[in-house]
Amino acid sequence: MDLTEIKTVLIADKESESGQAAVKVFSEKRWTLLFLPKEEGGEPCLSMSRKEIRAAIKDEMEKAGSARLDAVYYNRQPEVFRKTVEDLSGEEIDRMVKIDISAAFFFMQAVGDILSEQRQGSVVFLNSIHADKPTGITPLYCMYMGALKNMVREAAVYYGTFNVRVNSIERGASEDSEALFHNDTSSFYDGCVYKIPCGHMETWEEISRIAAFLLSEDSACVNGAELRADNGLLLHYLDVLANERAWRNRESVK
(Lines give C-alpha, C1' and ligand atoms only; values in the text may rest on other atoms or scores of the structure.)
Protein backbone atom coordinates (compact mmCIF):
# COMPACT_ATOMS: atom_id res chain seq x y z
CA MET A 1 0.00 0.00 0.00
CA ASP A 2 1.23 3.47 -0.84
CA LEU A 3 1.73 5.15 2.54
CA THR A 4 0.87 8.55 1.05
CA GLU A 5 -2.69 7.27 0.64
CA ILE A 6 -3.18 6.68 4.37
CA LYS A 7 -5.19 9.56 5.82
CA THR A 8 -6.46 10.68 9.19
CA VAL A 9 -9.92 12.12 8.71
CA LEU A 10 -12.20 13.84 11.21
CA ILE A 11 -15.99 13.43 10.85
CA ALA A 12 -17.94 16.08 12.75
CA ASP A 13 -21.22 14.20 13.29
CA LYS A 14 -20.78 10.43 13.47
CA GLU A 15 -24.31 9.55 14.60
CA SER A 16 -26.26 11.12 11.74
CA GLU A 17 -27.24 9.24 8.57
CA SER A 18 -24.61 11.19 6.66
CA GLY A 19 -22.05 10.35 9.34
CA GLN A 20 -22.79 6.63 9.30
CA ALA A 21 -22.51 6.57 5.51
CA ALA A 22 -19.22 8.47 5.69
CA VAL A 23 -17.83 6.01 8.23
CA LYS A 24 -18.63 3.14 5.85
CA VAL A 25 -17.14 4.80 2.76
CA PHE A 26 -14.05 6.23 4.48
CA SER A 27 -13.36 2.93 6.25
CA GLU A 28 -13.29 1.17 2.89
CA LYS A 29 -10.34 3.42 2.05
CA ARG A 30 -8.63 2.37 5.30
CA TRP A 31 -8.54 5.92 6.53
CA THR A 32 -8.04 6.50 10.24
CA LEU A 33 -11.26 8.10 11.50
CA LEU A 34 -11.61 10.63 14.30
CA PHE A 35 -14.86 11.93 15.77
CA LEU A 36 -15.82 14.98 17.77
CA PRO A 37 -16.96 14.26 21.33
CA LYS A 38 -20.66 14.74 22.03
CA GLU A 39 -22.18 17.26 24.39
CA GLU A 40 -24.83 16.29 26.94
CA GLY A 41 -27.61 16.96 24.44
CA GLY A 42 -26.01 14.64 21.90
CA GLU A 43 -24.88 17.37 19.50
CA PRO A 44 -21.23 17.72 18.42
CA CYS A 45 -19.45 20.72 19.98
CA LEU A 46 -22.23 23.27 19.40
CA SER A 47 -21.32 25.48 22.34
CA MET A 48 -17.56 25.02 22.24
CA SER A 49 -15.19 27.84 21.43
CA ARG A 50 -12.50 27.77 18.77
CA LYS A 51 -9.89 26.95 21.42
CA GLU A 52 -12.01 24.18 22.95
CA ILE A 53 -12.75 22.57 19.57
CA ARG A 54 -9.07 22.61 18.68
CA ALA A 55 -8.17 21.02 22.02
CA ALA A 56 -10.85 18.33 21.54
CA ILE A 57 -9.52 17.48 18.06
CA LYS A 58 -5.93 17.34 19.32
CA ASP A 59 -7.06 15.03 22.11
CA GLU A 60 -8.76 12.70 19.60
CA MET A 61 -5.61 12.72 17.44
CA GLU A 62 -3.50 11.75 20.43
CA LYS A 63 -5.88 8.91 21.38
CA ALA A 64 -5.68 7.56 17.82
CA GLY A 65 -1.91 7.92 17.70
CA SER A 66 -2.15 10.29 14.74
CA ALA A 67 0.61 12.87 14.43
CA ARG A 68 -1.28 14.87 11.82
CA LEU A 69 -4.78 15.57 10.61
CA ASP A 70 -5.20 15.24 6.84
CA ALA A 71 -8.86 15.96 6.16
CA VAL A 72 -12.10 17.08 7.80
CA TYR A 73 -15.76 16.44 6.91
CA TYR A 74 -18.25 18.83 8.53
CA ASN A 75 -21.50 16.98 7.95
CA ARG A 76 -23.59 18.44 10.76
CA GLN A 77 -27.00 19.67 9.60
CA PRO A 78 -29.27 22.14 11.43
CA GLU A 79 -32.76 21.27 12.56
CA VAL A 80 -35.35 22.14 9.91
CA PHE A 81 -38.09 24.46 11.23
CA ARG A 82 -41.24 24.70 9.12
CA LYS A 83 -42.11 28.39 9.50
CA THR A 84 -42.58 31.14 6.96
CA VAL A 85 -40.52 34.33 6.96
CA GLU A 86 -43.53 36.11 8.45
CA ASP A 87 -43.79 33.73 11.42
CA LEU A 88 -40.15 33.58 12.51
CA SER A 89 -39.34 34.97 15.95
CA GLY A 90 -36.26 36.92 16.97
CA GLU A 91 -35.29 34.12 19.35
CA GLU A 92 -35.33 31.57 16.54
CA ILE A 93 -33.19 33.76 14.32
CA ASP A 94 -30.76 34.42 17.19
CA ARG A 95 -30.43 30.69 17.82
CA MET A 96 -29.60 30.02 14.18
CA VAL A 97 -26.88 32.67 14.22
CA LYS A 98 -25.46 31.98 17.68
CA ILE A 99 -25.64 28.18 17.55
CA ASP A 100 -25.73 26.80 14.01
CA ILE A 101 -23.69 29.39 12.11
CA SER A 102 -21.30 30.02 14.98
CA ALA A 103 -20.65 26.29 15.41
CA ALA A 104 -19.63 25.95 11.75
CA PHE A 105 -17.54 29.13 11.89
CA PHE A 106 -15.63 28.22 15.07
CA PHE A 107 -15.14 24.70 13.73
CA MET A 108 -13.56 26.07 10.56
CA GLN A 109 -11.27 28.29 12.60
CA ALA A 110 -10.20 25.39 14.83
CA VAL A 111 -9.43 22.95 12.01
CA GLY A 112 -7.95 25.82 10.01
CA ASP A 113 -5.46 26.42 12.84
CA ILE A 114 -4.38 22.78 12.82
CA LEU A 115 -4.19 22.33 9.04
CA SER A 116 -2.48 25.68 8.48
CA GLU A 117 0.33 24.68 10.86
CA GLN A 118 0.80 21.54 8.77
CA ARG A 119 0.65 23.57 5.54
CA GLN A 120 -1.64 20.96 4.00
CA GLY A 121 -5.14 19.57 4.34
CA SER A 122 -8.67 19.43 2.98
CA VAL A 123 -12.03 20.39 4.49
CA VAL A 124 -15.48 19.56 3.09
CA PHE A 125 -18.74 21.07 4.36
CA LEU A 126 -22.08 19.42 3.72
CA ASN A 127 -24.40 22.04 2.23
CA SER A 128 -27.65 22.03 0.25
CA ILE A 129 -29.12 23.38 -2.98
CA HIS A 130 -31.06 25.64 -0.60
CA ALA A 131 -28.00 27.81 -0.18
CA ASP A 132 -29.48 29.43 -3.31
CA LYS A 133 -32.96 27.96 -3.70
CA PRO A 134 -35.74 29.16 -1.34
CA THR A 135 -38.36 26.69 -0.14
CA GLY A 136 -41.18 28.97 0.98
CA ILE A 137 -41.46 27.22 4.33
CA THR A 138 -37.96 26.77 5.85
CA PRO A 139 -36.24 30.18 5.66
CA LEU A 140 -33.92 29.53 8.63
CA TYR A 141 -32.59 26.39 6.93
CA CYS A 142 -31.95 28.32 3.71
CA MET A 143 -30.34 31.22 5.58
CA TYR A 144 -27.96 28.83 7.33
CA MET A 145 -26.98 27.17 4.05
CA GLY A 146 -26.42 30.53 2.38
CA ALA A 147 -24.20 31.70 5.23
CA LEU A 148 -22.28 28.41 5.14
CA LYS A 149 -21.73 28.73 1.39
CA ASN A 150 -20.13 32.14 1.71
CA MET A 151 -18.06 31.10 4.72
CA VAL A 152 -16.62 28.24 2.65
CA ARG A 153 -15.68 30.70 -0.09
CA GLU A 154 -13.93 33.00 2.36
CA ALA A 155 -12.17 30.07 4.03
CA ALA A 156 -11.01 28.75 0.65
CA VAL A 157 -9.39 32.09 -0.12
CA TYR A 158 -7.71 32.58 3.26
CA TYR A 159 -6.67 29.03 4.16
CA GLY A 160 -5.77 28.33 0.55
CA THR A 161 -2.68 30.48 1.14
CA PHE A 162 -1.61 27.79 3.64
CA ASN A 163 -2.21 24.99 1.11
CA VAL A 164 -5.51 24.03 2.76
CA ARG A 165 -8.47 23.37 0.47
CA VAL A 166 -12.06 24.08 1.54
CA ASN A 167 -15.01 22.88 -0.55
CA SER A 168 -18.69 22.06 -0.13
CA ILE A 169 -21.26 19.57 -1.41
CA GLU A 170 -24.75 20.89 -2.16
CA ARG A 171 -27.15 18.04 -1.63
CA GLY A 172 -30.46 17.95 -3.49
CA ALA A 173 -33.69 16.19 -2.59
CA SER A 174 -34.21 13.16 -0.38
CA GLU A 175 -37.10 10.75 0.01
CA ASP A 176 -38.65 12.90 2.76
CA SER A 177 -38.22 16.24 0.96
CA GLU A 178 -41.70 16.32 -0.58
CA ALA A 179 -43.36 16.12 2.84
CA LEU A 180 -40.76 18.25 4.62
CA PHE A 181 -40.85 21.20 2.22
CA HIS A 182 -44.46 21.05 1.02
CA ASN A 183 -46.22 24.41 1.42
CA ASP A 184 -48.82 26.70 -0.13
CA THR A 185 -46.28 29.17 -1.53
CA SER A 186 -44.15 26.87 -3.68
CA SER A 187 -44.99 23.63 -5.50
CA PHE A 188 -41.34 22.91 -6.33
CA TYR A 189 -41.21 19.77 -4.18
CA ASP A 190 -44.57 18.37 -5.27
CA GLY A 191 -43.62 15.23 -7.18
CA CYS A 192 -39.98 16.37 -7.00
CA VAL A 193 -38.56 12.95 -7.80
CA TYR A 194 -40.09 13.25 -11.27
CA LYS A 195 -38.46 16.64 -11.76
CA ILE A 196 -35.13 14.82 -11.62
CA PRO A 197 -34.36 13.69 -15.19
CA CYS A 198 -33.37 10.12 -14.21
CA GLY A 199 -35.77 9.92 -11.26
CA HIS A 200 -32.95 8.96 -8.87
CA MET A 201 -32.47 10.79 -5.57
CA GLU A 202 -28.93 10.73 -4.28
CA THR A 203 -28.16 8.52 -1.29
CA TRP A 204 -25.97 9.36 1.69
CA GLU A 205 -23.43 6.79 0.51
CA GLU A 206 -23.20 8.56 -2.85
CA ILE A 207 -22.72 11.90 -1.08
CA SER A 208 -20.00 10.31 1.08
CA ARG A 209 -18.14 9.12 -2.02
CA ILE A 210 -18.16 12.68 -3.34
CA ALA A 211 -16.84 13.86 0.03
CA ALA A 212 -14.09 11.23 -0.13
CA PHE A 213 -13.05 12.50 -3.57
CA LEU A 214 -12.89 16.11 -2.36
CA LEU A 215 -10.94 15.10 0.73
CA SER A 216 -8.40 13.10 -1.25
CA GLU A 217 -5.49 14.17 -3.39
CA ASP A 218 -7.49 13.21 -6.47
CA SER A 219 -9.04 16.69 -6.15
CA ALA A 220 -5.77 18.50 -5.41
CA CYS A 221 -6.66 21.36 -7.80
CA VAL A 222 -10.17 21.89 -6.36
CA ASN A 223 -10.60 24.71 -3.84
CA GLY A 224 -13.64 26.86 -3.08
CA ALA A 225 -15.89 24.63 -5.17
CA GLU A 226 -19.60 24.11 -4.57
CA LEU A 227 -20.29 20.68 -6.01
CA ARG A 228 -24.00 20.35 -6.64
CA ALA A 229 -25.16 16.76 -6.15
CA ASP A 230 -28.87 17.00 -6.99
CA ASN A 231 -29.05 14.79 -10.10
CA GLY A 232 -30.27 17.76 -12.13
CA LEU A 233 -33.22 18.73 -9.90
CA LEU A 234 -32.56 22.46 -10.17
CA LEU A 235 -32.62 22.19 -13.95
CA HIS A 236 -36.14 20.85 -13.88
CA TYR A 237 -38.56 21.34 -16.74
CA LEU A 238 -40.15 17.99 -15.97
CA ASP A 239 -42.94 16.81 -13.69
CA VAL A 240 -44.72 13.69 -12.54
CA LEU A 241 -46.92 13.65 -15.66
CA ALA A 242 -44.25 14.46 -18.24
CA ASN A 243 -41.34 12.34 -17.01
CA GLU A 244 -42.57 8.84 -17.75
CA ARG A 245 -38.97 7.64 -18.15
CA ALA A 246 -38.16 8.53 -14.54
CA TRP A 247 -41.21 6.60 -13.37
CA ARG A 248 -40.08 3.55 -15.35
CA ASN A 249 -36.51 3.87 -14.00
CA ARG A 250 -37.73 3.90 -10.43
CA GLU A 251 -40.15 1.00 -10.99
CA SER A 252 -37.39 -1.11 -12.53
CA VAL A 253 -35.20 -0.93 -9.41
CA LYS A 254 -37.92 -1.76 -6.89
Side-chain angles (χ1 to χ4, degrees), residues 10-22 35-57 72-113 123-156 158-159 166-174 176-177 180-181 183 189 204 207-208 211 214 224 226-230:
L10 173 71
I11 300 174
D13 188 358
K14 176 186 177 183
E15 306 302 327
S16 64
E17 287 186 79
S18 63
Q20 290 299 298
F35 310 102
L36 284 180
K38 295 285 185 177
E39 294 183 330
E40 289 185 5
E43 289 278 10
C45 68
L46 284 183
S47 63
M48 294 170 67
S49 67
R50 171 182 183 171
K51 183 178 180 180
E52 290 170 332
I53 296 172
R54 174 175 172 152
I57 295 173
V72 178
Y73 183 33
Y74 189 84
N75 61 315
R76 183 191 169 270
Q77 298 283 276
E79 184 178 353
V80 180
F81 291 98
R82 283 180 51 83
K83 281 193 174 183
T84 65
V85 171
E86 180 184 24
D87 294 330
L88 284 176
S89 68
E91 290 78 11
E92 289 165 333
I93 295 172
D94 283 345
R95 184 194 183 282
M96 186 267 292
V97 173
K98 294 178 179 178
I99 301 296
D100 296 318
I101 292 179
S102 293
F105 185 79
F106 293 142
F107 181 87
M108 182 64 248
Q109 288 182 322
V111 298
D113 289 342
V123 185
V124 171
F125 282 85
L126 180 60
N127 205 308
S128 163
I129 58 173
H130 295 297
D132 296 307
K133 173 71 176 173
T135 65
I137 195 63
T138 59
L140 279 182
Y141 178 76
C142 297
M143 289 162 65
Y144 167 82
M145 293 304 178
L148 186 65
K149 180 170 187 167
N150 282 286
M151 186 202 73
V152 167
R153 290 173 171 175
E154 290 287 348
Y158 178 78
Y159 292 108
V166 187
N167 297 291
S168 65
I169 301 170
E170 297 185 350
R171 187 189 182 213
S174 60
D176 62 348
S177 292
L180 183 62
F181 296 121
N183 63 91
Y189 272 107
W204 280 123
I207 295 294
S208 297
L214 290 173
E226 294 123 16
L227 201 160
R228 194 172 78 206
D230 71 342

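Numbers here are sequence positions counted from 1. This is a predicted model, so every value here is computed, not measured.
Closest non-hydrogen pair, Ala110 versus Arg50, comes out as CB-O, 3.6 Å. The nearest pair of heavy atoms linking Tyr159 to Gly112 is CE2-CA, 3.5 Å. Smallest separation of non-hydrogen atoms from Pro139 and Leu88: CG-CD1, 3.6 Å. The two residues Val123 and Val111 come nearest to each other via the heavy atoms CG2-CG2, 4.3 Å.
Taking CD1 of Ile207 as the start and CD of Glu17 as the end, the distance is 12.5 Å to the nearest 0.5 Å. Atoms CE and NE2, on Met145 and His130 in that order, are 9.0 Å from each other to the nearest 0.5 Å. Taking CH2 of Trp204 as the reference point, atom OG of Ser16 lies at 7.0 Å (rounded to 0.5 Å). In this structure, the separation between CZ on Arg82 and CD1 on Ile137 is 4.5 Å, given to the nearest 0.5 Å.
For the residue pair Ser168 / Asn127, no side-chain donor-acceptor distance below 3.5 Å is found, with atom types taken as modelled.
Checking side-chain atoms of Asp13 against main-chain N and O of Asn75 turns up no donor-acceptor pair under 3.5 Å. Between the side chain of Thr84 and the backbone N or O of Gly136, no donor-acceptor pair lies under 3.5 Å. Without hydrogens or angle criteria, Gln20 side chain to Lys14 main chain gives a donor-acceptor distance under 3.5 Å. Looking at Arg228, its side chain never comes within 3.5 Å of a backbone N or O of Ile129 through a donor-acceptor pair.
By the salt bridge (Lys or Arg N to Asp or Glu O under 4.0 Å) test, Lys51 is found to be paired with no residue, residues two or more places apart in sequence or in another chain being considered.
With contacts defined as side-chain heavy-atom distances shorter than 4.5 Å, the pair Leu126/Ser18 qualifies.
By the 6.0 Å contact criterion, CD on Glu52 is enclosed, its count of non-hydrogen atoms from other residues, nucleotides or ligands being greater than 12.
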Run the numbers on Arg54 and Gln109 for side-chain contact (heavy atoms from CB on, under 4.5 Å), then give the verdict.
-> CA-CA 9 Å; Arg54 174 175 172 152; Gln109 288 182 322; over 6 Å; no
Report the C-alpha separation of Arg76 and Phe107 in whole Å, then their side-chain angles, then the decisive distance to 0.1 Å, and conclude whether the side-chain contact (heavy atoms from CB on, under 4.5 Å) test is met.
-> CA-CA 11 Å; Arg76 183 191 169 270; Phe107 181 87; over 6 Å; no
Test Val166 against Glu154 for side-chain contact (heavy atoms from CB on, under 4.5 Å), laying out the working first.
-> CA-CA 9 Å; Val166 187; Glu154 290 287 348; over 6 Å; no
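When each of Phe125, Phe106, Phe105 is checked for a ring-ring contact (aromatic ring centres under 6.0 Å, His included) with Tyr74, only Phe125 meets the rule.
Screening residues 132-143 for side chain to side chain donor-acceptor pair (under 3.5 Å), with sequence neighbours left out, gives Asp132-Lys149, Thr135-Thr138.
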